[in-house]
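Below is one structure, written out as structure tokens; comments come after it.
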There are 2 protein chains.
Amino acid sequence: MSLNIQYTIGQVAEKSNLSIHTLRYYEKEGILPFIKRNESGIRIYEDEHIEWLKFICCLRDTGMSISQLKEFVELTVQGDATIEERIQMLELQKKTVQDQVNTLMSYIGMIDFKIDRYSKEKAGIKSTGQPE
Amino acid sequence: MSLNIQYTIGQVAEKSNLSIHTLRYYEKEGILPFIKRNESGIRIYEDEHIEWLKFICCLRDTGMSISQLKEFVELTVQGDATIEERIQMLELQKKTVQDQVNTLMSYIGMIDFKIDRYSKEKAGIKSTGQPE
DNA sequence: ATAGTCCCTAGAGCAAGATCTAAGTCAAGT
DNA sequence: ACTTGACTTAGATCTTGCTCTAGGGACTAT
């Protein structure tokens with residue numbers, strides 16, 4: 001429990017696959033409002049921040065915008081009173097992701113169909129000169 | 001077969017959920033190089049172009065860039081000789097989409113986990129004041 | 001004490017993908 | 001004849017999400 005490893009921004013950048021620039025940018029945009037500094041003003045990250053970043057990336061990669069992320073973070077900072085609202089947001093986001101998955105699956109079907117068409121064409125069936 | 005319905009750009013915009021601007025933009029970028037014009041210079045779209053647009057959107061929505069799309073269209077225009085290469089591209093894109101799906105599924109897991117955590121917290125278990 | 005390396009800020013710059021503007025053409029309807 | 005509305009162009013502008021620059025501070029090793 002007292003094992004509280006701390007990281008500099010460079011180390012976090014490596015761990016999180018985000019650039020140093022991006023980490024500072026996210027902080028400026030209010031997505032990481034809880035990073036402490038040492039006496040010299042250097043950012044000190046802890047494990048929980050890395051975890052948080054992973055989750056942020058999850059939301060971002062599923063299409064949440066920076067400003068929506070900021071909103072979500074603001075709710076989090078406000079504490080218990082906003083838990084219900086946050087659950088709602090996440091439920092909605094989950095639904096969005098499920099829709100994305102369904103859409104992508106249908107796209108796989110379309111690509112397969114086209115591959116099939118090309119394969120037959122390759123086998124010498126036809127050529128219209130038109131895209132198809 | 002002689003039922004060859006034609007459309008103006010406005011009609012296509014409605015049918016395809018792309019804006020008129022975007023349709024012209026795509027044409028300028030070489031993604032729709034086969035649209036004929038009438039005597040007045042008005043673009044005439046046909047059903048096959050609408051189909052093609054749907055496929056273009058599929059590739060675009062799965063992360064293919066405008067310039068990659070252009071490349072793909074150029075291969076298509078070149079005809080039979082490029083079929084194998086096009087199949088390769090589509091196979092690769094298909095793999096990309098499958099990876100996307102897998103990633104999204106894991107994200108759903110993360111979101112679920114967080115929802116679960118919030119739900120427990122709501123039930124009165126704890127509150128750290130930290131994002132979690 | 002000098003170099004090297006990491007950190008800091010504020011703000012500029014960039015790329016992609018649209019999206020819009022200005023100025024104009026064209027055809028149909030009244 | 002004239003309005004309406006959909007179309008045309010070239011090119012400017014916008015948005016998002018970074019990404020980088022300039023100028024500087026702080027710590028470590030030589």
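Keep in mind it's a predicted model, so treat the numbers as computed, not measured. All chains are named by letter (A, B, ...) in the order of the sequence lines, taking the proteins before the strands, and each is independently numbered beginning at 1.
- For Tyr26(B) and dA18(C), the shortest distance from a side-chain N or O to OP1 or OP2 is below 4.0 Å.
- Atom C1' of nucleotide dT5(C) and atom CD of Gln11(A) are separated by 13 Å, given to the nearest angstrom.
- You'll find the side chain of Ile56(A) reaches within 4.5 Å of the side chain of Leu69(A), heavy atoms only.
- The distance between atom CG of Asn38(B) and atom C1' of dA28(C), rounded to the nearest whole Å, is 15 Å.
- The side chain of Thr8(A) contributes an N or O atom lying less than 4.0 Å from OP1 or OP2 of dC7(C).
- Under the 4.5 Å side-chain criterion, counting only non-hydrogen atoms from C-beta, Phe72(B) is in contact with Leu90(B).
- Across dC7(C), dG11(C), dT19(C), the shortest atom-to-atom separation from the side chain of Ile42(A) is found for dC7(C).
- Ionic pairing of Lys54(A) and Glu51(A) is present here: one or more N-O contacts between side-chain nitrogen and carboxylate oxygen are shorter than 4.0 angstrom.
- For the 3.5 Å distance criterion, the side chains of Thr62(B) and Gln93(B) qualify, holding a donor opposite an acceptor.
- For the pair Leu23(A) CG and dT9(C) C1', the computed distance is 16 Å after rounding to whole Å.
- Between Glu39(B) atom CD and dC26(C) atom P there is a gap of 11 Å when expressed in whole angstrom units.
- If you find the closest nucleotide of DNA chain D to Ser40(A) and to Ser19(A), the one lying nearer the 5' end belongs to Ser19(A).
- Within 4.0 Å of Arg24(A), counting heavy atoms only, lies at least one base atom of the nucleic acid.
- Separating the CD1 atom of Ile35(A) from the C1' atom of dC8(C) is a distance of 15 Å, rounded to the nearest angstrom.
- Atom CD in Glu27(A) sits roughly 11 Å away from atom P in dA10(C) (whole-Å rounding).
- Listed in residue order, the members of residues 63-70 of chain A having a heavy atom less than 4.0 Å from DNA chain C come to none.
- Sequence order on DNA chain C of the closest nucleotides to Lys28(A) and Gly10(A) puts Gly10(A) first from the 5' end.
- Side chains of Ser19(A) and Thr22(A): a donor-acceptor N/O pair is present below 3.5 angstrom, by distance only.
- For Tyr25(A) and dT9(C), the OH to P distance is 16 Å, given to the nearest whole Å.
- Among Glu85(B), Arg86(B), Glu84(B), Gln78(B), the one residue that satisfies the side-chain hydrogen bond (donor to acceptor under 3.5 Å, both in side chains) test with Thr82(B) is Arg86(B).
- Ring geometry, Phe34(B) versus His49(B): the interplanar angle falls under 30°, so the pair is classed parallel (tilted spans 30 to 60°).
- Following rounding to the nearest Å, His21(A) (NE2) and dT9(C) (C1') show an atom-to-atom distance of 13 Å.
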Working note: Glu46(B) + Lys36(B), criterion salt bridge (charged side-chain N to carboxylate O under 4.0 Å, His left out); need CA distance, chi angles, decisive distance, verdict. CA-CA 9 Å; Glu46(B) 309 196 0; Lys36(B) 303 282 184 298; over 6 Å; no
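- Chain A approaches DNA chain D within less than 4.0 angstrom (heavy atoms of the protein), and the contacting nucleotides run 5' to 3' from dG17(D) to dC27(D).
- With respect to the salt-bridge test (charged N to carboxylate O, under 4.0 angstrom), the residues Lys114(B) and Glu91(A) do not qualify.
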